[in-house]
Every structure is written in structure tokens, then in C-alpha cells.
Number of protein chains: 2
Amino acid sequence: MNTESMAFATPKESLGILLGLVRAEIVRAMEAELAAQNVDLRFTQFLILKRLARLGPMSASELARSVELDGGAMTRQLDQLERKGYLRRCPHEQDRRALRIELTAAGDAMWQQLTDCNERVLAAAQRTLDESEQAQLHDYLERVLRALRDKN
Amino acid sequence: MNTESMAFATPKESLGILLGLVRAEIVRAMEAELAAQNVDLRFTQFLILKRLARLGPMSASELARSVELDGGAMTRQLDQLERKGYLRRCPHEQDRRALRIELTAAGDAMWQQLTDCNERVLAAAQRTLDESEQAQLHDYLERVLRALRDKN
DNA sequence: AAAGTATATTTGTCAAGGCAAATATGTGCT
DNA sequence: AGCACATATTTGCCTTGACAAATATACTTT
């Protein structure tokens, strides 16, 4: 009659729920690691530093889009991270509306300290998947993401 | 030297970011569908109705755990959903501390209306994966979830 | 049965994020 | 140049969710 059979022990979570659960666990694990190292950063702030460390300076809105964060929220996160001394708001060369957000030396150092902790959590999360399975998971997620964005 | 090569056009999102992006898109898509049908429900509320529709009546805290929502937040969501007439708080038979949350007829009818919209979004999201790939994605995510939870 | 501990629900408080309005620039068209 | 429209950042306002405290009830041990 319908496409799904309910005759399982685990009622088979839908993709939406499952993604939420997995993400929540990753956030929890990362924030625990951060706290364990006495680093006063939330997951969002950690992500922002990571983007900057890996992709280099960019504008606030590029940063916002890349972590799926509202522009207003980004402004406030930048306030906090700037206050902590991890980044700097510089004028953008080509666009006087925009900012060029760049890591300070302290921000860079902080990222050096965090990169291990980051990799540890991700490795732990994927420890039951072998290399090719990890790549496949990644590929599937990217395809799902593209499918959702190219909605037509 | 390190395990990741950065020589790709797309800098290979980490699992944490990717999950966030995909989930955000699914939430966005679902809320757009709900709005298009003039249904005044947020994604969280939709999830709650879905759980109740699929798993039957349960206590507020079971519900909260199953959608990874704080107990306090659940109380307020239940307030709203009860006010809209979609569910009822009944006394729990075996445990006088707890509630038995059950859908009303209106809540059931609402779910009937939403189930299509739900499946449409999930199908669209996974449209570039064939059946076995969808199953595999699901399996990988569940394994990651277990790995994160059984942290030891 | 009394005490101590664990769980369910509710409420207060606070931080984070979404949305809209304001301001300052860019970009394209005429 | 002038105008319309799009984009970048900031700020105010509001909702949601996390955390903690309060209350009620269960469960366990003495």
C-alpha cells in the first residue's frame, strides 16, 4: 500500500531527522573537546576560524554563506571573535561596502591548536567507515546538497 | 605530510560543515513547502507531529529525546501544538509524573496532509541517488551516529 | 515506612540565529 | 551623470533552544 514497511526494530529515521541527530552529536563532541582544552569557543565560532584558516581572508558575507549563517548573526560572531583577538576586520580592496576578514597571529595559533582536536572528532565519528566508505558518504552528501540547491 | 590534499577545485567540506549545509537546505525546503500549503508549522513542530503519527502516543520526554530537543523547549512546543489543536496532553497511565501526548483528529488529518509534502522533499533531495545508494547513505549516517554515541 | 536518588514536567533566564529596516556602496541601463 | 536595482554590513526585534531551579512523582535501599 505504501512505500515504507514499518516492520523494523528501529523505525528507520528519515534523512532529515538523521542528519539532525548526527550533526547534534558532532557539535556536542566538538564543544566538549574545546571545553576540555579550556578554549572559550562555540561550535559556530570554531567553524568561522576554520573557514578562515583553510580558505584565507574573505568578506563577511562570503563567510556567512559558507557556514550557512545569517548576515546579522555573522556580524555579532565577528564582534566576539575580534574582541577575543582572533581576527581583524580590514577594508576590502575592491569593494568599499565589504570587509576583508582575516585571522590575526593569535587566531592562526588558535587554529593550529584546534586542528588536531577537529580531526580527532571527525575520525572518531567515521571510525567504523573505511576510506572508500568515507569518500562515498561525502559524495552522497554533496550530491544531496546539489540536488536541494538546483531545485528545478 | 598531512592526510588531506588541498588541490581540489572544491576544498572538500568537512563532515561537520557538510551535514550542517544539507540539513539547513532540507529544513528550508520543508518550511517552504509548509508555507506554500498555508500550514503554520515550523520544522520542529512538523517533526513532532511526524513522530507522534508514526510511533503513536508517548511521553513528552520520550518525544523530546527522539527529536533531540531540550525538555523545556518541548514543553513550549507542546503548548503551541496543543493551542493549535493538533495534540492533547493526557495523564500517563503508569506514571503520574508523565504525560501521554497524543494526536487529535485534527492533528492526524494535518499529518495526512503533510506526509506527501514530506516525501516529496526527501525524494527531491535524494533524486540523484538510486535506491541502493540511498540505503547506503542511510546506513553510513546511522553508523556515524552510533560511533559518536558509543564513544569509548 | 523513611530517606535518598532518579526522572518528568514546567518555568525563568540567557545566548544565538532569523528577519526586516537602515545605511553605504556597487552595477547596469539610459 | 542619473536612476533603478542589487549587495554588504550593521542594528533592533523576536523566536527558539539550552541550562538550571522548582515541583511532583517514582524507585531503591535501609
Side-chain angles (χ1 to χ4, degrees), chain A residues 17 20-21 23-32 34-35 40-49 52 57-84 87-102, chain B residues 17 20-21 23-32 34-35 40-49 52 57-84 87-102:
Chain A
I17 290 196
L21 297 177
R23 180 176 154 83
E25 288 294 340
I26 289 186
V27 171
R28 206 186 330 274
M30 270 302 310
E31 295 201 327
L34 294 172
D40 181 30
L41 285 178
R42 297 301 191 67
F43 185 70
T44 300
Q45 299 174 338
F46 158 80
L47 282 187
I48 293 172
L49 292 187
L52 288 173
M58 67 183 85
S59 81
S61 47
E62 287 174 304
L63 205 45
R65 274 191 298 271
S66 80
V67 295
E68 198 78 40
L69 188 66
D70 173 78
M74 180 55 74
T75 291
R76 285 176 277 249
Q77 293 299 342
L78 293 179
D79 290 343
Q80 290 190 44
L81 289 169
E82 194 170 36
R83 216 175 304 130
K84 291 176 206 236
L87 55 79
R88 231 187 326 262
R89 284 186 241 228
C90 305
H92 195 290
E93 310 255 302
Q94 292 89 38
D95 188 340
R96 279 193 302 170
R97 294 168 302 178
L99 299 170
R100 173 189 159 94
I101 311 294
E102 53 182 45
Chain B
I17 290 196
L21 297 177
R23 180 176 153 84
E25 288 293 339
I26 289 185
V27 171
R28 205 186 330 274
M30 270 302 310
E31 295 201 327
L34 294 172
D40 182 28
L41 285 178
R42 296 302 191 67
F43 186 70
T44 301
Q45 299 174 338
F46 159 79
L47 283 188
I48 293 172
L49 292 186
L52 288 172
M58 67 183 84
S59 80
S61 46
E62 288 174 305
L63 204 45
R65 273 190 299 271
S66 80
V67 296
E68 196 80 38
L69 190 64
D70 172 79
M74 179 56 74
T75 292
R76 284 176 274 249
Q77 292 299 341
L78 293 178
D79 290 343
Q80 290 190 42
L81 289 168
E82 193 169 37
R83 215 174 304 130
K84 291 176 205 241
L87 56 79
R88 233 187 326 260
R89 282 186 243 230
C90 305
H92 194 290
E93 310 254 301
Q94 292 88 38
D95 188 340
R96 278 193 302 170
R97 293 168 302 177
L99 299 170
R100 174 189 159 94
I101 310 294
E102 53 182 45

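Below, read A as the first sequence line, B as the second, and so on, with proteins coming before strands; counting in each chain starts at 1.
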Quiz item: Going by heavy atoms in the side chains, are B:I48 and B:I101 under 4.5 Å from each other?
Solution: no
Self-check item: Any B:L41 side-chain heavy atom under 4.5 Å of B:L81 side chain
Solution: yes
Self-check item: Cationic N near anionic O, under 4.0 Å, A:R28 to A:E25
Solution: yes
With heavy atoms under 4.0 Å as the rule, sort [X] into base, sugar-phosphate or nothing.
{"X": "B:R28", "value": "nothing"}
{"X": "A:Q80", "value": "sugar-phosphate"}
{"X": "A:R65", "value": "sugar-phosphate"}
{"X": "B:R89", "value": "sugar-phosphate"}
{"X": "A:T75", "value": "base"}

Quiz item: Where is the tightest heavy-atom contact between B:A60 and B:M74, given as atom of each residue plus distance?
Solution: O-CG, 3.7 Å
Practice problem: Work out which heavy atom in A:A98 is nearest to a heavy atom in A:H92; give both atom names and the distance. | Solution: O-CB, 3.3 Å
Could you give the [atom1]-to-[atom2] distance, from [X] to [N], as a whole number of Å?
{"X": "A:D79", "N": "C:dG17", "atom1": "CG", "atom2": "P", "result": "13 Å"}
{"X": "A:L81", "N": "C:dA16", "atom1": "CG", "atom2": "C1'", "result": "13 Å"}
{"X": "A:E68", "N": "C:dA16", "atom1": "CD", "atom2": "P", "result": "19 Å"}
{"X": "A:L63", "N": "C:dG17", "atom1": "CG", "atom2": "P", "result": "13 Å"}
{"X": "B:H92", "N": "D:dT25", "atom1": "NE2", "atom2": "P", "result": "15 Å"}
{"X": "B:L69", "N": "C:dT9", "atom1": "CG", "atom2": "P", "result": "13 Å"}
{"X": "B:R88", "N": "C:dT9", "atom1": "CZ", "atom2": "C1'", "result": "19 Å"}
{"X": "A:L99", "N": "D:dA8", "atom1": "CG", "atom2": "P", "result": "11 Å"}

Is the backbone N or O of [Y] less than 3.5 Å from a side-chain atom of [X], with the two atoms forming a donor-acceptor pair by type?
{"X": "A:E31", "Y": "A:F43", "answer": "yes"}
{"X": "A:K84", "Y": "A:D40", "answer": "yes"}
{"X": "B:E82", "Y": "B:R89", "answer": "yes"}

Quiz prompt | Candidate nucleotides C:dT9, D:dT16, C:dG12, ranked by approach to the side chain of B:R76 - the nearest | solution = C:dG12
Do the side-chain N or O atoms of [X] get closer than 4.0 angstrom to the phosphate oxygens (OP1, OP2) of [N]?
{"X": "B:Q77", "N": "D:dG17", "answer": "yes"}
{"X": "A:T44", "N": "C:dA16", "answer": "no"}
{"X": "B:S61", "N": "C:dT9", "answer": "yes"}

Nucleotide N/O to protein N/O under 3.5 Å, stretch nucleotides 23-27 of chain C:
| from | atom 1 | to | atom 2 | distance (Å) |
| --- | --- | --- | --- | --- |
| C:dT25 | O2 | A:R97 | NH1 | 3.4 |
| C:dG26 | OP1 | A:R96 | N | 2.6 |

Exercise. Hey, which sits more toward the 5' end of DNA chain C by its nearest nucleotide, B:D70 or A:G72?
Key: B:D70
Quiz prompt | Polar side-chain contact B:R42-C:dG17 base: donor and acceptor under 3.5 Å | solution = no
